[in-house]
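Structure, as structure tokens:
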Amino acid sequence: MIDGHADEQQAPRAPSDGAAAAVSFRGVSKVYGTNVALNDVTVDLPAGCVCGLVGPNGAGKSTLLSIAATLLRPTAGTVEVFGHPIADTAAVRGVVGYVPDVLGLYTGLSVVDYLDFFADSYAVKADQRPGLIDGLLELVDLGGKRDADVNTLSRGMKQRLALARGLINDPKLLLLDEPASGLDPRARIELRDIIAHLNGLGVTIVVSSHILAELEEMCSHALVIEHGRLAGFEHLGDEPDRVVTVTYLDAPAEQYRISDDAAQAALVARLVGEGRNVVSVSTDTTGLEARFMRLTAGELN
Amino acid sequence: MGLVRSNPIVRFEMRRRFSGFAAAAGIGIAIGIPGLAVVVAYALTVRGNDQFNGIDSFNNTGVILLTTVVVALTGTLVLFVPALAGGSIASERANQTLQPLQLTLLRPAQIVVGKLIASSAYLMVVIACALPVIAIPYLLGGVPVRTVITCLIVLAAIAIELAAVSVWVSSWFTKPVGAIVTALAMSLALCLGPWIVAGLTLVSQVTVAAAESPPPFDENAARLLAATSPTALFGFVDLGDIADDDPAGSSGRLVAAACWLGVTTLCIRGASKRVVAPAERDR
């Protein structure tokens with residue numbers, strides 16, 4: 001039995017499956033003048049996961065991603081990406097793909113020329129580039145737009161082009177900062193499918209978003225940040241899928257964590273068998289939204 | 001050499017610099033202004049020669065036209081280069097395209113040198129397109145071909161230095177307009193400032209010399225000050241028998257060359273430091 005709002009916040013912890021860390025943050029702080037963007041963040045993101053990075057605006061999500069991408073230097077603490085300290089920028093940049101929230105695309109170029117330039121900038125050999133670019137365009141479903149001017153693409157297409165740019169160096173870790181912002185429902189679904197596909201290929205993905213329901217569908221882990229502090233890091237499979245609230249005729253309501261319909265049926269049968277006067281059984285998810293509310297409780301009211 | 005060879009920025013920027021209406025318009029303006037100046041100067045010179053019927057009138061016409069076209073081209077470059085290169089890095093910041101570049105395996109110096117080379121290459125084309133205008137004094141006679149070639153080389157050197165200064169200024173800004181205006185001010189200060197300071201130094205020395213006997217007049221200090229201007233590179237231009245020989249002096253030419261090299265190198269290094277992602281700074 002639980003009381004969601006009474007639960008203590010879970011302490012950050014290492015991944016439960018014992019997998020090697022893709023990104024390891026150790027006591028990471030980032031201070032801009034007097035503004036503390038990140039405060040002593042310590043967490044290991046396991047390799048192969050899809051980690052949802054959630055938190056209110058200004059919580060420090062983009063700062064955390066920028067540090068992992070070698071764009072920012074932490075004020076304190078250490079960060080390693082697949083064992084490489086971020087000070088070794090060349091090694092880290094070789095294994096990281098980063099798609100910032102602002103796409104930053106050149107205009108006046110065709111899609112294929114744009115990707116060719118970035119492939120060249122990542123030292124991809126000239127004879128390998130056409131095949132690589134064709135593969136990426138197929139992956140992000142922009143094959144029909146290869147000769148189109150970047151400026152003529154829709155927001156969703158630009159997002160996918162930025163994603164292709166982030167994948168041009170065949171990264172082991174893909175950092176996506178608010179990738180779904182400004183996208184229509186179809187584009188969001190397509191983006192989600194691409195992320196799932198990439199994860200299936202073994203790419204570790206860290207994705208920040210405000211749309212918790214979407215993150216829940218694609219993420220194996222959730223990292224919650226609030227006011228620069230790590231509020232929680234959870235494996236989304238660790239807890240039962242739902243919370244059942246049972247109200248009684250003659251007793252206070254109770255909450256139970258259960259895993260599936262069969263368990264819920266068994267619970268109801270047991271309570272009735274015990275002679276308790278069950279009035280109703282309602283189901284709440286314990287998904288990302290509920291966890292986020294619990295972990296950030298007191299700040300969101 | 002790695003900064004130049006296999007530098008994707010060079011190819012990328014060249015392609016952007018040399019395409020579109022703006023590229024053609026830029027070349028048109030850069031040729032039109034000196035061309036107009038030559039026509040006006042020629043008309044005035046011929047009229048003057050008719051009036052005074054000087055002995056060396058034909059030779060003087062060539063020198064005057066060459067001086068006119070070179071001054072006009074230099075002035076055009078001073079105005080044109082900041083507009084061309086001043087926004088090179090600032091516009092990347094404004095459009096937020098610099099971050100993706102910083103994340104690639106390109107070194108900051110490659111980014112800066114790539115942009116400088118692309119800007120300079122365009123400026124070389126501009127200068128080359130102005131060749132027919134510059135050749136007019138030679139065709140009129142009285143100006144040796146080596147003088148015309150030296151003028152072209154000096155113009156190219158000035159263009160490269162001003163481009164380096166503009167790229168450096170650009171690396172400090174997040175908005176291209178501010179960068180271009182500041183680069184323009186810097187270019188003007190760099191080209192005219194030393195001459196103004198040198199002039200003031202001469203005036204003050206003349207004033208002191210008039211009051212003292214024997215006069216401590218020494219124009220070398222003023223010459224060396226003026227030599228710090230990129231335009232002092234014209235001291236390398238040999239006008240042959242038709243003008244005062246060695247107007248800047250060998251020490252002045254040395255200072256001018258050293259300043260050109262120093263300013264250009266420092267600007268490239270400075271801009272590279274500004275293009276480095278914050279995570280790499282102070283390491």
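Reminder, nothing fancy here: chain letters follow the sequence lines and each chain counts from 1. Note that the structure is predicted; figures quoted are calculated from it, not measured.
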- Message: So does Gln102(B) get a backbone contact from the side chain of Arg93(A), meaning a donor-acceptor N/O pair under 3.5 Å?
- Response: yes
- Determine the minimum heavy-atom distance between Leu105(B) and Ala123(A), stating which atoms define it. CD1-CB, 4.5 Å
- Residue Tyr138(B) excluded, over 12 heavy atoms near OH under 6.0 Å: no
- Task: State the CZ-OG1 distance between Arg16(B) and Thr107(A), to the nearest 0.5 angstrom.
- Result: 6.0 Å
- Query: Should Tyr106(A) and Leu101(B) be marked as a side-chain contact (heavy atoms from CB on, under 4.5 Å) after you check the CA-CA gap, both sets of side-chain angles, and the distance that decides it?
  - Reply: CA-CA 11 Å; Tyr106(A) 292 112; Leu101(B) 268 189; 3.3 Å; yes
- Message: Can you confirm whether Lys158(A) is buried at NZ, in the sense that more than 12 heavy atoms of other residues, nucleotides or ligands lie under 6.0 Å from that atom?
- Response: yes
- Interchain contact, Leu105(A) with chain B, by part (heavy-atom threshold 4.5 Å): backbone
- Item | Heavy-atom contact with chain B under 4.5 Å, split by part of Asn169(A) | neither
- Item | Value rounded to 0.5 Å, distance of CG in Leu103(B) from CG in Leu71(A) | 4.0 Å
- Closest approach of Pro100(B) to Leu103(A) (non-hydrogen atoms, all atoms of both residues): CG-O, 4.5 Å
- Within 6.0 angstrom of Arg229(A) CZ, more than 12 heavy atoms from elsewhere: no
- Interatomic distance, CD@Gln96(B) vs CG@Asp101(A), rounded to 0.5 Å, equals 7.5 Å
- Message: Between Phe12(B) and Asp116(A), does the side-chain contact (heavy atoms from CB on, under 4.5 Å) criterion hold? Intermediate values first, please.
- Response: CA-CA 10 Å; Phe12(B) 179 69; Asp116(A) 186 71; over 6 Å; no
- Task: For the residue pair Val102(A) and Gln99(B), establish whether any side-chain heavy-atom pair is separated by less than 4.5 Å.
- Result: no
- Task: Decide if atom CZ of Arg269(B) counts as having more than 12 heavy atoms of other residues, nucleotides or ligands within a radius under 6.0 Å.
- Result: no
- Ser121(A) and Leu106(B): which non-hydrogen atoms are nearest, and at how many Å? OG-CD1, 3.5 Å
- Query: What part of Leu98(B) lies closer than 4.5 angstrom to a heavy atom of chain A: side chain, backbone, both or neither?
  - Reply: neither
